[in-house]
Amino acid sequence: MLTTSAITSMYSPTRSRNFFLHLLRKSTTALRPQGHLFLSIPNPDLFLFNVLIKGFSNAHSISLYTHLRKCTLLKPDNFTYAFAIASASTLSDEKVGILLHQHAVVDGYGLDLFVGTAVVDFYLKFWRVDMARKVFDKMSVRDTVSWNSMISGLVRNCCFDDAVWVLGDMLKDGGIRLDSTTVAAVLPALAELQELILGMEVQCLALKLGFHSYLHVLTGLISLYSKCGEIEAAKLLFGEIGRPDLVSYNAMISGYTSNGESECSVKLFRQLLGYGERVNSSTIVGLIPVFHPFRYLNLTTCIHSFCVKSGIISQSSVSTALTTVYSRLNKINSARLLFDESSEKTPASWNAMISGYTQNGLTEAAISLFQEMQISKVSPNLVTVTSILSACAQLGALSLGKWVHGLIKSKNFESNIYVSTALIDMYAKCGGIREALELFDLMVGKNVVTWNAMISGYGLHGQGQDALRLFSEMSHSGVAPNGITFLSLLYACSHAGLVKEGEETFQSMIHDYHFEPLPEHYACMVDILGRAGQLEKALKFIKEMPVEPGAAEWGALLGACVIHKDKKLAQVASERLFELDPENVGYHVLLSNLYSAERNYRLAASVRHDVKRRNLAKIPGCALIEIGETPHVFTSGDRSHPQASAIYAVLEELIRKMKEAGFQTETDTALHDVEEEEKELMINVHSEKLAIAFGIIATEPGTEIRIFKNLRVCVDCHTATKFISKITERVIVVRDATRFHHFKDGLCSCGDYW
DNA sequence: TTAGGGTTAG
């Protein structure tokens, strides 16, 4: 170990400076300024200062620099600045580096090769791409290291296009040779951009220059090929490595995973464990996409216990990755346990848990954890707000959504594409289609998800033509549609009763866009035809499908049979459904409704009995209304609300007025085999009617009433709401399980089509 | 040189 006194004794003109430097390089980690021994050296020269500034390369370097300027007559040179600025890059505060840069500029070293390179690197580490770019462009002399710093820094800042452009400039600059670092730096950018051809050119260059077989180059190439879907090429390269290290294993594992070859991925992972290799967080993270609901649960448990045994569970990236894995497996309790046990909770850990909840539909849990996060003084970041917006959208929590929007504005998160897309989706799903459109129109750089969110928003509100118009705009904008785009379009057609347009979209998807329909697309077509009453055509469509029809298609047909009261076809569909998906209670309910409507109570009862026997519970319907920021939830026949008696009185009065205006209770599809009068009573206290009645009490006359319902709105409530909107002169917006209904002046925006 | 918590359909 080299102590400060040792340095002092070594510092004599007789010793060779190179030898001294050599010793220092070997043992800088052992160096700590003890007292001010060094500073007591008589007349230290600039060389010694520079060597020590470089040697420490941390906050001590900055103290030395300050001492040099304040307590000596020495003048810093380009080396001093280069080393000091490089040290400033390791600090958490950017102010020091900016100040040093200013000093260097004043002293005329701002664009020096070494200083410039250090400055570029510094700015890129602090996410100031523009400043780095400015300095780099002004430098008259640049070497391989400065080009490499620029390229790797741009990649770190996710400026992949720029990184590739800079490589192009570097190649044009004839005097500069690229090295293996250059190649390794640019490969991730090419992988991210899926620039396979350019990547192959870079590979050729690496071959020509003789560093193709370097481990870090090969690893970069494996990742490039995997991300471009060329898994075979990646496999070949992996085979070329004699003794792969952990990093190349990780690249190959995640390559298999992202190409859907889960089995290979898991096999390689097991091989890695078999070699007794340590696994790191990247390995686990790279495996995440392998985990689907109920797959590899055993493997997860093994990985988990491995992480515990080897101690890497204490790394927050590992426990965060495992939290994500458990929530992907729908094992949300295990995820929560891990989250609670993790000692160091980074923003990513919070986000993994919050998004785990939203992705499993546990929106209330997501929101309450979000509140806990704020109590813990962890500041929500881009990812947090995106997840919370998704929870708001699912829940219809407009007031929280608006509050989050305010937070986003205050933190300047609006320009992020995930955030703005989630905002559009939130507004659309909470009934604010106008607000959604305003944000959408203002957005620059929309991706396919953004377009999909807006298209499906239109669909949700029954604006089928607008959805189709937006799709044609999308086609002109150069963003390629995906499966979800077509699904959203088809749903938009379905909700708006646009049969011809739906069929055209389906055909265009296959023939113009060469998109192979998935089961969901077929099901959606069945839904379009079936809802429109073309039941035979729907059946024919199912029978002529090139793939075996599944529960989705038959389910859509059964739904249509119930709407159009076709018992015969319903029996055909349900027989298939009970085989294909015996656990699903929804089909039983649909069938029972159909039998009830036909007054065939014996059959209806037998279906219900079947449901009971198998312990398949029907989801109870409930409706939610927000008054101010307080949500009020009602279930059918609910009397638990403090204002229950007032609510029931208003409802009674409304029903009297409705009947005067010609309203007749629709009891056809009610489940129960009871007397007409009694059925009417049950139906009149459906949750949404109670919520609307409360809305009328709790808001000023003329205020729009917004209701959220977990199930599809029933025919009777739909008709009733139309009457109520006219009688009370209110706009009533109801979001049910599949769409929005805007009631006004006795009419609904869905055109009675839902 | 590997990986990373996030948005769209139902």
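Chain letters run A, B, ... following the sequence lines, proteins first, then strands; residues in each count from 1.
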**OP:** Would you indicate what A:Pro188 reaches in the nucleic acid, counting non-hydrogen atoms under 4.0 angstrom: base, sugar-phosphate, or nothing?
**Re:** sugar-phosphate
**OP:** Identify whether any heavy atom of A:Gln359 sits under 4.0 Å from a base atom; if not, whether one sits that close to sugar-phosphate; answer base, sugar-phosphate or nothing.
**Re:** sugar-phosphate
**OP:** Using the test ring-ring contact (aromatic ring centres under 6.0 Å, His included), find all partners of A:Phe413 that sit at least two apart in sequence or belong to another chain.
**Re:** none
**OP:** Would you please name every residue forming a side chain to side chain donor-acceptor pair (under 3.5 Å) with A:Glu230, sequence neighbours left out?
**Re:** none
**OP:** Would you mind classifying the nucleic acid contact of A:Asn381 as base, sugar-phosphate or nothing, using non-hydrogen atoms under 4.0 angstrom?
**Re:** base
Original post:
Taking only residues two or more places apart in sequence, or in another chain, which ones meet A:Lys125 in a side chain to side chain donor-acceptor pair (under 3.5 Å)?
Top reply: A:Asp121
**OP:** Indicate, with a heavy-atom threshold strictly under 4.0 Å, whether A:Lys227 touches base, sugar-phosphate, or nothing.
**Re:** sugar-phosphate
Original post:
Hey, where on DNA chain B does chain A first and last touch, going 5' to 3'? Cut-off is any atom under 4.0 Å from a heavy atom.
Top reply: B:dT1 to B:dG10
Original post:
What nucleic acid atoms does A:Leu287 come within less than 4.0 Å of, heavy atoms only: base, sugar-phosphate, or nothing?
Top reply: nothing
**OP:** Under 4.0 Å between any heavy atoms, over every strand shown, what does A:Lys446 touch: base, sugar-phosphate, or nothing? Just pick one.
**Re:** nothing
Original post:
Which residues satisfy the side chain to side chain donor-acceptor pair (under 3.5 Å) test with A:Asn412, sequence neighbours excluded?
Top reply: none
Subject >> Residues forming a ring-ring contact (aromatic ring centres under 6.0 Å, His included) with A:Tyr491, sequence neighbours excluded >> reply: none
**OP:** Mind checking A:Ser254 for me? I need base, sugar-phosphate or nothing, with any heavy atom below 4.0 Å counting as a touch.
**Re:** sugar-phosphate
